[in-house]
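Before any comments, here is the structure.
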Amino acid sequence: MKYRNISNYFADALKKMGLEEIPEIAFETPKNADHGDLSTNIAMQLPKMLKKPPRAIAEEILQNIEADDEVIEKIDIAGPGFINIKFTPKYYSAELEAILNKAADYGRQDVGKGKKTIVEYVSVNPTGLLHLGHGRNAAIGDTVSNLYDWMGYDVTREYYFNNAGNQMNNLAKSIYARYMQIIDSPEFPFPEDGYHGDYIKTIAQDIVDIESDKYIAGSDDDIAALRKAGELWAFDKIKATLGRMNINQDNYFNEDSLYSDGKIENIINEFKNKGLAYEKDDALWLKLSEMGLQDDRVIVKSTGEPTYRLPDMAYHREKFERGFDVIVDLFGSDHIATIPDVLTGVKSLGYDTDKVKVLIHQFVTLMENGEQVKMSKRTGKNYTLDDLLDEVGEDVVRFFLIMRGINTHLEFDLDLAKEQSDKNPVFYLQYAHARLCSIFDNAIDKDINIDDKADLTLLVDKSEISLIKTLMKFPDYIRLSCDKGEPMILAEYLRDLAAAFHVFYHNCRIIGSEEKLMQARFKLAAATKITLKNGLDILGVSSPERM
RNA sequence: GCGCCGGUAGCUCAGUUGGAUAGAGCAACAGCCUUCUAAGCUGUGGGCCACAGGUUCGAAUCCUGUCCGGCGUACCA
């Protein structure tokens, strides 16, 4: 008794009308409830094929359709040719029963059964603390991973990082300068492009405290030791911050391993063997212009070091080799330019890049007192993700960072986030859950027995039906949210669900109603609690029992 | 210059891939608590969907052009 069957009724009717190829029949829930429970515009898609006006086609469909009275209460034509369907209470009670049976698994699907997916997110190099932009990446990435999990995929959550290279040298030099300023002279010069954040001073002080003047000479070994200390410190903090957001990734992939395992070497050779690479000005170029892109790009610099593109390609190839069916990359919009290069390169090696799903999210601006808080690396005064977690808590952070479409520039309103009140949208959802819990607490307090069986066809009030309808949509929204890589879709749905519940709660008393109706309403409340909890779990937001 | 993303209510944003009267939260205003949590519910006001053309039964949505904002456009990652 799902929409699929409804669609079959229509397909059969269209067959009887002599249509050979049955087009996809799209259903939607009308915005206006008076238009019925479900609506299709199929009659308006067919005038060209059938050479008849839409309304005439709709009438013909209605004559040919064999509707099941158990399921469909009413079916009629409206407006320019919409066909509107109204379901029976029995249909709804059966759907509600199904939700209760699935319980904690309600919403889980098997679309991805037997398939492996990897979601790469966060992936910041260990040179400092996470800021809000990273937080957005982390929250979206983790939610998308959860969505794939609920769709039945075997999900690997991966963090890709590089602890070598220029940025890390820069970190090492910055730490050395701060170290020398403490132990030797406050006048010791700070590097031009160094990391100005106060955390560098903290790292340096820690080293001074433990190892005193051990590294004062500043030899290559000393610098290497400081770099390692900085890396460990930063990684520790990053993982701790992610942990606070309930994010624990499965795998940390080190870019270095691509070199040590010969993967970089291999990919260079393969490009050469395929005649896709050539030397110019002492550098090695990839012939991207012959693969449909605008310009050729350098993959190995004249210094002998690869550019970032090469390890990126090798890394993607590695993901293919590990046998993933879906490869999700989540990047901030500043990485956008490199993606076509990397994908084109990997494709030229014979991999199916359609498996790669690149998600790009826009930046975050932090607003406080109506003004933008600058988050520049240079200023040193850096508003970190930890600062935000301290101020507003992990639930608010996770929710705020996914509640807008990933393609829109996110304005993070610190004042709104800090507000512990009805203005804060995340509490609206959590409050619904807390209210539900308190209904059941009350039943226990009052020694009310909750029957296992209840006559769910008694649920006929407008707000009851509306709530059931909303509950039924949950799996569809998980799928939609996953397909589009848009956690916001699920967040919006949960807001709708909470709203439908609040209206039901307001209109329909549970405890105190006539016994049979009360029992049916307990069931509805239980299904709502399950669905809300499952949805909040996917978003990584807690479901409090009391507020 | 070129590429990607965006421009919808006073503010922040949705808009189910072209459908019925363009929605929600916040802000403003007016109601609803002796009964399961008022962090809630109900109602009112608020729109040249950036602008100009085009495509068709039908456009916020698709196509072209223009304007505005963000991010890129390296032998930096």
Side-chain angles (χ1 to χ4, degrees), chain A residues 26-32 34-35 39 41 44-45 47 53-54 78-82 84 123-125 127 162 165-167 193 255 280-285 294-295 297-303 305-309 311-312 332-340 360-363 365 367 370 403-413 416 419-428 430-432 434-443 445-446 448 463 473 476-477 480 484 488-489 491-493 495-496 498-499 501-503 505-513 518 521 525 546-547:
Chain A
F27 292 94
E28 61 173 26
T29 353
K31 290 164 207 157
N32 187 339
D34 295 341
H35 290 139
S39 163
N41 63 353
M44 286 137 87
Q45 309 289 349
F82 291 101
N84 297 329
S123 293
V124 314
N125 290 338
T127 58
N162 179 10
N166 277 335
Q167 294 188 45
D193 299 322
E255 185 183 326
K280 193 180 96 182
D281 304 332
D282 289 331
L284 189 68
W285 295 68
Q294 194 74 35
D295 300 307
R297 299 286 181 188
V298 170
I299 52 175
V300 181
K301 296 187 248 178
S302 53
T303 59
E305 298 170 296
T307 63
Y308 63 90
R309 283 184 190 69
D312 276 3
S333 62
D334 53 338
H335 280 248
I336 203 161
T338 80
I339 293 157
I360 301 290
H361 66 85
Q362 302 297 315
F363 282 13
T365 42
M367 300 294 287
M403 74 178 181
R404 303 299 180 215
I406 67 173
N407 259 333
T408 32
H409 202 103
L410 176 68
E411 195 159 300
F412 196 108
D413 186 336
L416 178 60
E419 192 137 7
Q420 303 282 318
S421 78
D422 56 339
K423 289 174 198 159
N424 195 324
V426 67
F427 294 129
Y428 186 80
Q430 295 186 312
Y431 183 56
R435 266 183 155 180
L436 279 157
C437 291
S438 104
I439 292 170
F440 291 103
D441 286 349
N442 257 284
D445 287 350
K446 293 179 183 166
I448 296 171
S463 49
K473 290 182 202 160
D476 292 342
Y477 276 90
L480 194 63
K484 296 200 174 185
M488 170 271 297
I489 290 175
E492 286 278 311
Y493 164 77
R495 212 206 61 81
D496 283 350
F501 166 71
H502 285 308
V503 173
Y505 181 89
H506 186 262
N507 292 343
C508 303
R509 246 200 108 67
I510 300 177
I511 295 170
S513 295
M518 177 178 74
R521 285 178 175 170
R546 233 172 288 279
M547 284 176 78

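The chains referred to below are lettered A, B, ... by the order of the sequence lines, with proteins before strands, and numbering in each begins at 1.
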Round to the nearest Å and state the distance from [X] atom [atom1] to [N] atom [atom2].
X: A:His335; N: B:A74; atom1: NE2; atom2: P; value: 15 Å
X: A:Arg495; N: B:G15; atom1: CZ; atom2: P; value: 14 Å
X: A:Ile360; N: B:G3; atom1: CD1; atom2: C1'; value: 13 Å
X: A:Asn507; N: B:C36; atom1: CG; atom2: C1'; value: 14 Å
X: A:Phe412; N: B:C11; atom1: CZ; atom2: C1'; value: 17 Å
X: A:Asn424; N: B:U12; atom1: CG; atom2: P; value: 18 Å
X: A:Glu411; N: B:C26; atom1: CD; atom2: P; value: 17 Å
X: A:Phe363; N: B:G69; atom1: CZ; atom2: P; value: 18 Å

Given [options], the nucleotide with the shortest approach to the side chain of [X]:
X: A:Tyr428; options: B:C75, B:G40, B:C4; result: B:G40
X: A:Ile511; options: B:C36, B:G40, B:C5; result: B:C36
X: A:Met547; options: B:C41, B:A39, B:A77; result: B:A39
X: A:Lys446; options: B:G19, B:C75, B:C36; result: B:C36
X: A:Thr307; options: B:A77, B:U73, B:G70; result: B:A77
X: A:Ile510; options: B:U73, B:G40, B:C36; result: B:C36
X: A:Arg509; options: B:C75, B:C71, B:U35; result: B:U35
X: A:Glu255; options: B:A38, B:A77, B:C4; result: B:A77
X: A:Arg404; options: B:A77, B:G15, B:U12; result: B:U12
X: A:Lys484; options: B:A14, B:U16, B:C71; result: B:U16

_Between B:A39 and A:Tyr431, counting only base atoms on the nucleotide and side-chain atoms on the residue, is there a donor-acceptor pair under 3.5 Å?_
no
According to the Watson-Crick and G-U wobble definitions, with both distances under 3.5 Å, which nucleotide is paired to [N]?
N: B:U73; value: B:G1
N: B:A24; value: B:U12
N: B:C33; value: none
N: B:A59; value: none

_A:Asp295 side, atom CG; A:Trp285 side, atom CH2 - distance, nearest 0.5 Å_ =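 If we round to the nearest 0.5 Å, A:Asp295:CG and A:Trp285:CH2 are 8.5 Å apart.
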_Within this structure, what is the CD-CG distance for the pair A:Gln362 and A:Asp334, rounded to the nearest 0.5 Å?_
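One finds 9.5 Å between CD of A:Gln362 and CG of A:Asp334.
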Taking 4.0 Å as the cut-off, does a side-chain nitrogen or oxygen of [X] come that near to OP1 or OP2 on [N]?
X: A:Thr408; N: B:A14; result: yes
X: A:Arg309; N: B:A74; result: no
X: A:Lys301; N: B:C76; result: yes
X: A:Tyr493; N: B:A24; result: no

*Consider only side-chain N and O atoms of A:His409 and A:Arg404, and report whether a donor and an acceptor are under 3.5 Å apart.*
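Judged by distance alone, the side chains do not pair up.
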*asked:* Strictly distance-based, threshold 3.5 Å: is any side-chain N or O of A:Thr307 a donor or acceptor partner for the main-chain N or O of A:Val298?
replied: yes
_Check: A:Asn41 side chain, A:Phe82 main-chain N or O, donor-acceptor pair, under 3.5 Å_ = no
*Under 5.5 Å between ring centres and under 30° between planes: does that hold for A:Tyr505 against the base of B:G40?*
no
Is [X] touching bases, backbone alone, or none of the nucleic acid, heavy atoms closer than 4.0 Å?
X: A:Ala78; value: base
X: A:Ala337; value: sugar-phosphate
X: A:Cys437; value: nothing
X: A:Asn125; value: sugar-phosphate
X: A:Asn442; value: sugar-phosphate
X: A:Asn84; value: base

_I want to verify the glycosidic state of B:U17; is it syn or anti under the 90° rule?_
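Glycosidic conformation of B:U17: syn.
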*Does B:C33 sit syn or anti, given that only angles within 90° of 0 count as syn?*
syn
*Please tell me if the side chains of A:Thr365 and A:Phe412 come closer than 4.5 Å, counting only heavy atoms from C-beta onward.*
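Contact flag for A:Thr365/A:Phe412 side chains = no.
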*Any salt bridge between A:Asp441 and A:Arg546, counting N to O under 4.0 Å?*
yes
